[in-house]
S.K.: 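What follows is a structure written as structure tokens; I'll ask about it next.
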Amino acid sequence: AQMLLCCLSRLAQPQAASLVVASRSYADFTPEATFDIKKVDLHRLEEGPPLTATLTREEGLKYYRTMQTIRRMELKADQLYKQKIIRGFCHLYDGQEACAVGIEGGITLSDHLITAYRAHGYTLTRGGTIREIMAELTGRRGGIAKGKGGSMHMYTKNFYGGNGIVGAQVPLGAGVALACKYLGNDQLCVSLYGDGAANQGQIFETYNMSSLWKLPIIFICENNQYAMGTSVERSAASTEYYKRGDYIPGIRVDGMDVLCVREATKFAADHCRSGKGPILMELQTYRYHGHSMSDPGVSYRTREEIQEVRSKSDPISMLKDRMLSNNMASIEELKEIDIAVRKEIEDAAQFATTDPEPPLDDLCSHIFANDQPFEVRGIKGYIK
């Protein structure tokens, strides 16, 4: 009996030891670390955002998961598009994940956001689910706009899309900011556009009115360097987009670093909330895909250029390296997140390909707030 007890205790020892090691390894993770971040360029400002950023372990894991989700979601959308399950316009956001996640880290969900047609990432960060986004891309009833909006027209609370007309969302964002000021609710609006839209006349009109009325609006130019396929050097007389507001203060930020974007957004939000009026941010970023799915993306840039950005400036890799080198997470833990994200994307894709399409009877619903019949010649046959 003594020998049996001795053997049993020896068998139990490695298991107990492994449990202690496991619990100790999680307890030993660095809960918080401070990182040096790139200095921003300033226009009409004496001081800018700080040169350091503090990141907690929880924030790091959250940012990593969200950016990885956006990346995987866009790669799945690419696959479904090539299978002709997703049709029509489709603009992918992979490569620019640090912009969406960093901006959300610097404002609150009670603030407002409006963007152009590269909107899948923002739909997720604003509260949309992967299933709703994927089902919208495939035009199904369970989509976030009930299958009627598609890639460019997704909405959630305090998120006004997804807009298909180049630059048109910027004055709409000023309207939202005017409402914030009118209501006095200490909220602001982030109005996003790309380097291609930056040459639109309506954007300069909006700068003027926003400055006159001191609206709480952050204009953000996501400069991914190629607009629809023309380099900024060939399309813009001035490529310093953060100075385009002239009389509006501006900052130019590394848009591939989620911490840089977050700290710059916090700085811009404080500027707006203090009653100083609008501010302009230029995020220098890069899209890995072409402008849209109809653009292979290699006729105006080389594959080597894309690969170099991936290897040196990838936003997910940058955050991952910071966390691992500062003992804020383990490789195994991040791999577990990757596996969970991939499963979630696969489940959402399965739903998006099996959910039914909206019935024809729904064609004219959601036109008016009170769902009154929409009587126009030629469509009454669709209304029961």
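Computed over heavy atoms, backbone and side chain alike; hydrogens, waters and symmetry mates excluded. These figures come from a predicted structure and were not determined experimentally.
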S.K.: Can you name the side-chain contact (heavy atoms from CB on, under 4.5 Å) partners of Val232, sequence neighbours left out?
M.R.: Asp195, Asn223, Thr239, Tyr241

S.K.: Does any N or O in the side chain of Asn224 come within less than 3.5 Å of the main-chain N or O of Thr285, such that one atom is a donor and the other an acceptor?
M.R.: no

S.K.: Can you spot which of Thr115, Ile217, Leu113 makes a side chain to side chain contact (heavy atoms under 4.5 Å, CB included) with Ser191?
M.R.: Ile217

S.K.: Is there a donor-acceptor contact under 3.5 Å from the side chain of Thr138 to the main chain of Ala352?
M.R.: yes

S.K.: For the NZ atom of Lys39 and the CG atom of Asp254, what is their distance to the nearest 0.5 Å?
M.R.: 15.0 Å

S.K.: Given ring-ring contact (aromatic ring centres under 6.0 Å, His included), test Tyr300 with Tyr226 step by step and report yes or no.
M.R.: CA-CA 8 Å; Tyr300 47 85; Tyr226 288 101; 5.4 Å; yes

S.K.: Spell out, as yes or no, whether a donor-acceptor pair under 3.5 Å connects the side chain of Arg140 to the backbone of Asp355.
M.R.: yes

S.K.: Going through the distances and angles, do Leu75 and His289 end up as a side-chain contact (heavy atoms from CB on, under 4.5 Å)?
M.R.: CA-CA 10 Å; Leu75 294 178; His289 267 84; 4.2 Å; yes

S.K.: Can Leu192 and Phe219 be said to form a side-chain contact (heavy atoms from CB on, under 4.5 Å), step by step?
M.R.: CA-CA 6 Å; Leu192 292 125; Phe219 295 108; over 6 Å; no

S.K.: Say you draw a straight line from CD of Gln225 to OG of Ser235; how long is it, rounded to the nearest 0.5 Å?
M.R.: 11.5 Å

S.K.: For the residue pair Arg287 and Tyr93, would you count it as a cation-pi contact if the rule is NZ or CZ under 6.0 angstrom from the ring centre and within 45 degrees of the ring axis?
M.R.: no

S.K.: So Phe159 and Thr125, side-chain contact (heavy atoms from CB on, under 4.5 Å) or not? Walk me through it.
M.R.: CA-CA 10 Å; Phe159 175 58; Thr125 61; over 6 Å; no

S.K.: Is there a donor-acceptor contact under 3.5 Å from the side chain of Ser317 to the main chain of Asp314?
M.R.: no

S.K.: More than 12 non-hydrogen atoms from neighbouring residues, nucleotides or ligands closer than 6.0 Å to OH on Tyr247, yes or no?
M.R.: yes

S.K.: At what distance, to the nearest 0.5 angstrom, does NZ of Lys38 lie from CD of Glu263?
M.R.: 15.5 Å

S.K.: Nearest 0.5 Å please: distance from the OG1 atom of Thr302 over to the CD atom of Gln307.
M.R.: 10.5 Å

S.K.: Report yes or no: do Val190 and Tyr63 belong to one cluster of Ile/Leu/Val/Met/Phe/Trp/Tyr joined by side chain heavy-atom distances under 4.5 Å?
M.R.: yes

S.K.: Spell out, yes or no, whether Leu334 and Ile70 are grouped together once hydrophobic residues are joined by side-chain heavy atoms under 4.5 Å, including indirect joins.
M.R.: yes

S.K.: Compute both the distance and the angle, then confirm whether Arg252 meets the cation-pi test with Tyr242: under 6.0 Å from the six-membered ring centre, within 45 degrees of the axis.
M.R.: no

S.K.: Working to the nearest 0.5 angstrom, can you tell me the gap between Glu58 CD and Met328 CE?
M.R.: 8.5 Å

S.K.: Kindly indicate, with the supporting measurements, whether the criterion salt bridge (charged side-chain N to carboxylate O under 4.0 Å, His left out) is fulfilled by Arg57 and Glu333.
M.R.: CA-CA 12 Å; Arg57 173 175 142 80; Glu333 187 177 17; 2.8 Å; yes

S.K.: For Asp270, give me all partners under side-chain contact (heavy atoms from CB on, under 4.5 Å), at least two apart in sequence or on another chain.
M.R.: none

S.K.: Are Ile107 and Leu124 connected in the hydrophobic side-chain network, where two residues link if heavy atoms are under 4.5 Å apart?
M.R.: yes

S.K.: Can you check side-chain contact (heavy atoms from CB on, under 4.5 Å) on Gln79 and Tyr81, steps first, answer last?
M.R.: CA-CA 5 Å; Gln79 183 186 339; Tyr81 198 95; over 6 Å; no

S.K.: Check whether any side-chain N or O of Lys181 sits under 3.5 Å from a backbone N or O of Trp213 as a donor-acceptor pair, and report yes or no.
M.R.: yes

S.K.: Given His120 and Ser151, is the side-chain hydrogen bond (donor to acceptor under 3.5 Å, both in side chains) satisfied, shown in steps?
M.R.: CA-CA 7 Å; His120 309 160; Ser151 170; 2.7 Å; yes

S.K.: Within the side chain of Asp111, is there an N or O that forms a donor-acceptor pair under 3.5 Å with the backbone of Thr108?
M.R.: yes

S.K.: Would you say Glu136's side chain and Lys148's backbone share a donor-acceptor pair under 3.5 angstrom?
M.R.: yes

S.K.: Taking a hydrophobic cluster as the set of Ile, Leu, Val, Met, Phe, Trp and Tyr residues connected by side-chain heavy atoms closer than 4.5 Å, whether directly or through intermediates, do Ile337 and Met67 fall within one such cluster?
M.R.: yes

S.K.: Do any N or O atoms from the side chain of Ser210 and from the backbone of Tyr207 form a donor-acceptor pair under 3.5 angstrom?
M.R.: no

S.K.: Is the NZ atom of Lys146 crowded by more than 12 outside heavy atoms at less than 6.0 Å?
M.R.: no

S.K.: Should the heavy atoms of other residues, nucleotides or ligands under 6.0 Å from CD1 of Ile331 be counted, would the total exceed 12?
M.R.: no

S.K.: For the side chain of Glu132 and the backbone of Thr129, is there at least one donor-acceptor N/O pair under 3.5 Å apart?
M.R.: yes

S.K.: Do Phe35 and Met318 land in one hydrophobic cluster if side-chain heavy atoms of ILVMFWY residues count as linked below 4.5 Å?
M.R.: no

S.K.: Would the distance check show the side chain of Ser274 and the main-chain N or O of His271 forming a donor-acceptor pair, the cut-off being under 3.5 Å?
M.R.: yes

S.K.: Is the CD atom of Gln83 crowded by more than 12 outside heavy atoms at less than 6.0 Å?
M.R.: yes

S.K.: Would Arg244 and Phe204 count as a cation-pi pair here, with the cationic atom under 6.0 angstrom from the ring centre and within 45° of the axis?
M.R.: no

